[in-house]
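Throughout, residue positions are numbered sequentially from 1 according to the sequence presented.
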Amino acid sequence: MGRIPEKIGGMKYLESLDLSNNHLSGEIPQSITNLTFLSYMDLSYNNLSGRIPSSTQLQSFNALDFIGNPELCGAPLLKNCTENEGPQGDENVGGSERSWFYIGAATGFIVGFWGLCGAHLCKRAWRHAYFMFLNNIKDRIYVATALKWSWLRDQFRRYHMISKFGMSKGLQPGRKGGKRWWRILRKPFPCGVSS
């Protein structure tokens, strides 16, 4: 019969902890959350009670590592702790912060959405200016896409001509031997792409 020492969190580089079947009682100390290098832990079949301290390290262990402690509750066990136990850490503050987050997000959405839409519904000139702006953006994107597509198509054609016919800068129209190659290149491509 004994308790887990409160100073166990001082062994920060501890990698393995097996305290199973030791008839330990009391709560798991909060300082155990300081054991960040802990990769194996077994506290099963003791008389531990209370809430399992919340940390990503302890919640990553299997529920079988805590089995045999009927008074133990909290994650990773399926048994939830009752509300009459005192809160551990800032768990109640998290619920309050979450509700304020949703209130702020809803208020921001309402003000932003109706600020933009309300202005467009009330002012005809603003509505026209806004949609003209969107139309101009759409046109710019279309032109940029068409130019890029045309450039890529030309690059493909040039690559296809060079790889198929061996055309280089010395064999272009107007240079020696260039007319014959030019006639060959003006024929339709076998893949259906015309020059």
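Residue pairs meeting the ring-ring contact (aromatic ring centres under 6.0 Å, His included) criterion with at least one member in residues 113-133, sequence neighbours excluded: Phe109-Phe113, His120-Tyr130. Here ring-ring contact (aromatic ring centres under 6.0 Å, His included) pairs that include residues 29-63, with residues two or more places apart or in two chains, are Tyr13-Phe37.
In this structure, Ile4 and Leu48 have side chains that are in contact, with non-hydrogen atoms separated by less than 4.5 Å. Taking 4.5 Å as the limit, every side-chain heavy atom of Leu43 sits out of range of all side-chain heavy atoms of Ile52.
From Arg51, atom CZ reaches atom CD1 of Ile28 across 12.0 Å, with rounding to the nearest 0.5 Å.
Residues satisfying the side-chain contact (heavy atoms from CB on, under 4.5 Å) criterion with Asn34, sequence neighbours excluded, are Ser31. With sequence neighbours excluded, the residues forming a side-chain contact (heavy atoms from CB on, under 4.5 Å) with Thr33 are Gln30, Pro53, Ser55, Leu58, listed by chain and number. Every residue was checked against the side-chain hydrogen bond (donor to acceptor under 3.5 Å, both in side chains) condition with Asn69, not counting sequence neighbours, and none meets it. Applying the side-chain hydrogen bond (donor to acceptor under 3.5 Å, both in side chains) criterion to Thr36, with sequence neighbours excluded, gives no partner residue. Residues passing the side-chain hydrogen bond (donor to acceptor under 3.5 Å, both in side chains) test with Asp18 are Ser20, sequence neighbours excluded.
Residue Leu116 is found outside any hydrophobic cluster, as its side-chain heavy atoms come under 4.5 Å of no other Ile, Leu, Val, Met, Phe, Trp or Tyr. Here Trp151 sits in one hydrophobic cluster together with Leu152; the rule is ILVMFWY side chains under 4.5 Å apart, joined directly or through other members. Side-chain contacts under 4.5 Å among hydrophobic residues (ILVMFWY), followed directly or transitively, place Phe101 together with Tyr102.
Between Arg3 and Glu27, the shortest heavy-atom distance links the atoms NH2-N, 4.1 Å. Residues Met11 and Leu35 share a closest heavy-atom pair of O-CD2, 2.8 Å.
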Which donor-acceptor pairs under 3.5 Å do the side chains of residues 134-150 make with protein atoms, sequence neighbours left out?
| from | atom 1 | to | atom 2 | distance (Å) |
| --- | --- | --- | --- | --- |
| Asn136 | ND2 | Met132 | O | 3.4 |
| Thr145 | OG1 | Ile141 | O | 2.7 |

_Verdict with supporting geometry, Thr107 and Ile110, side chain to side chain contact (heavy atoms under 4.5 Å, CB included)_ = CA-CA 5 Å; Thr107 305; Ile110 291 169; 5.9 Å; no
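A distance-only check finds a donor-acceptor pair linking the side chain of Asn46 to the backbone of His23 [under 3.5 Å]. Put simply, the side chain of Ser44 never gets that close to the backbone of Gly68: no donor and acceptor are under 3.5 Å apart.
In the hydrophobic clustering of this structure, Leu72 groups with Leu17; members are Ile, Leu, Val, Met, Phe, Trp, Tyr whose side-chain heavy atoms approach within less than 4.5 Å, directly or through other members.
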